[in-house]
Amino acid sequence: MAPKKTRIIKGEWQSFIRDFNRQNQFRLATFVLGENTIIGGQGAVFVGLSYEPKANKMEVYFGGQDAAHPLNLAHTINGPRAVYLVNDYEADNPVIGLNIQGAPGSRTAYLAFAENSPGEGRRHWTSCIAYHIYENRGMACGLDQQDWYEAESVIEDVSRRFLKG
């Protein structure tokens with residue numbers, strides 16, 4: 001079966017984004033703008049979408065590796081005018097992506113998910129941040145569990161804001 005695109009009505013964007021973030025946060029994904037891969041050539045950890053109606057903009061965020069700045073803003077879509085959920089009902093996880101059309105004349109943004117579980121993506125991100133903490137500590141051995149817990153705490157703090165609503 002070919003992937004199916006479903007348009008999300010603008011009046012439902014806020015609740016859709018909250019639910020979309022809950023279901024897909026921590027999955028590995030690639031973000032493409034037009035023909036150019038912006039982030040996640042091998043897959044980056046998707047953290048969430050945000051939509052600001054007053055500013056009329058949508059933003060896509062991925063996990064970074066720096067514990068002090070754990071979010072990477074992939075892109076801001078100004079004047080979003082259409083959002084499409086892309087499903088493949090034969091895949092293990094039917095949500096395979098999202099298309100966002102911006103203002104006239106702008107390139108379409110594509111968010112494409114890899115076949116993985118959110119747990120795998122979260123472990124990958126935790127590992128990256130824990131390693132960054134280890135490096136910043138001077139690479140002293142014996143504190144790997146402490147680094148891991150600190151990384152988990154950083155991720156929990158930053159990811160929580162995408163699940164509110």
Are R161 and Y61 in a cation-pi setup, meaning NZ or CZ lies under 6.0 angstrom from the ring centre and within 45 degrees of the ring axis? yes
Any side-chain heavy-atom pair of V95 and R27 under 4.5 Å: yes
Gap separating the CZ atom of F26 from the CG atom of N21, nearest 0.5 angstrom: 10.0 Å
In this structure, CD1 of I77 is separated from CG of N56 (nearest 0.5 Å) by 11.0 Å
Do side-chain atoms of H132 reach the backbone of D66 as a donor and acceptor pair under 3.5 angstrom? no
Are the side chains of R137 and L143 in contact, using a 4.5 Å heavy-atom criterion? yes
I133 versus Y149: any side-chain heavy-atom pair under 4.5 Å? no
Atom pair CG/CG of L85 and L111 - distance to nearest 0.5 Å: 10.5 Å
Quick one: does L33's side chain get under 4.5 Å of H75's, heavy atoms only? yes
Distance check, rounded to the nearest 0.5 Å: I100 atom CD1 versus Y110 atom OH? 11.5 Å
Before accepting this row, confirm whether a basic side-chain N of the pair K4/D88 lies closer than 4.0 Å to the acidic partner's carboxylate O. no
Donor-acceptor contact below 3.5 Å, side chain E150 vs main chain A130: no
I'd like to check I155 versus I129 (side-chain heavy atoms, cut-off strictly below 4.5 Å). Are they in contact? yes
Is there a continuous path of hydrophobic side-chain contacts, each under 4.5 Å between heavy atoms, that joins I96 to Y84? no
Do other residues, nucleotides or ligands put more than 12 heavy atoms under 6.0 Å from Q65 CD? no
What's the separation between atom CG in D147 and atom OG1 in T126, rounded to the nearest 0.5 Å? 12.0 Å
Are V45 and R122 side-chain neighbours, meaning at least one heavy-atom pair lies under 4.5 Å? no
Is it the case that the side chain of R81 and the backbone of G102 share a donor-acceptor pair, with hydrogens and angles ignored and the cut-off at 3.5 Å? yes
For the residue pair R7 and V83, establish whether any side-chain heavy-atom pair is separated by less than 4.5 Å. no
Under a 4.5 Å cut-off applied to non-hydrogen side-chain atoms, are K5 and N99 in contact? yes
Quick one: does N87's side chain have a donor or acceptor within less than 3.5 Å of a partner on P3's backbone? no
Salt-bridged, K57 to E59, with N to O below 4.0 Å? yes
Determine, stepwise, if the pair F113 / F46 fulfils ring-ring contact (aromatic ring centres under 6.0 Å, His included). CA-CA 9 Å; F113 290 113; F46 172 73; 5.6 Å; yes
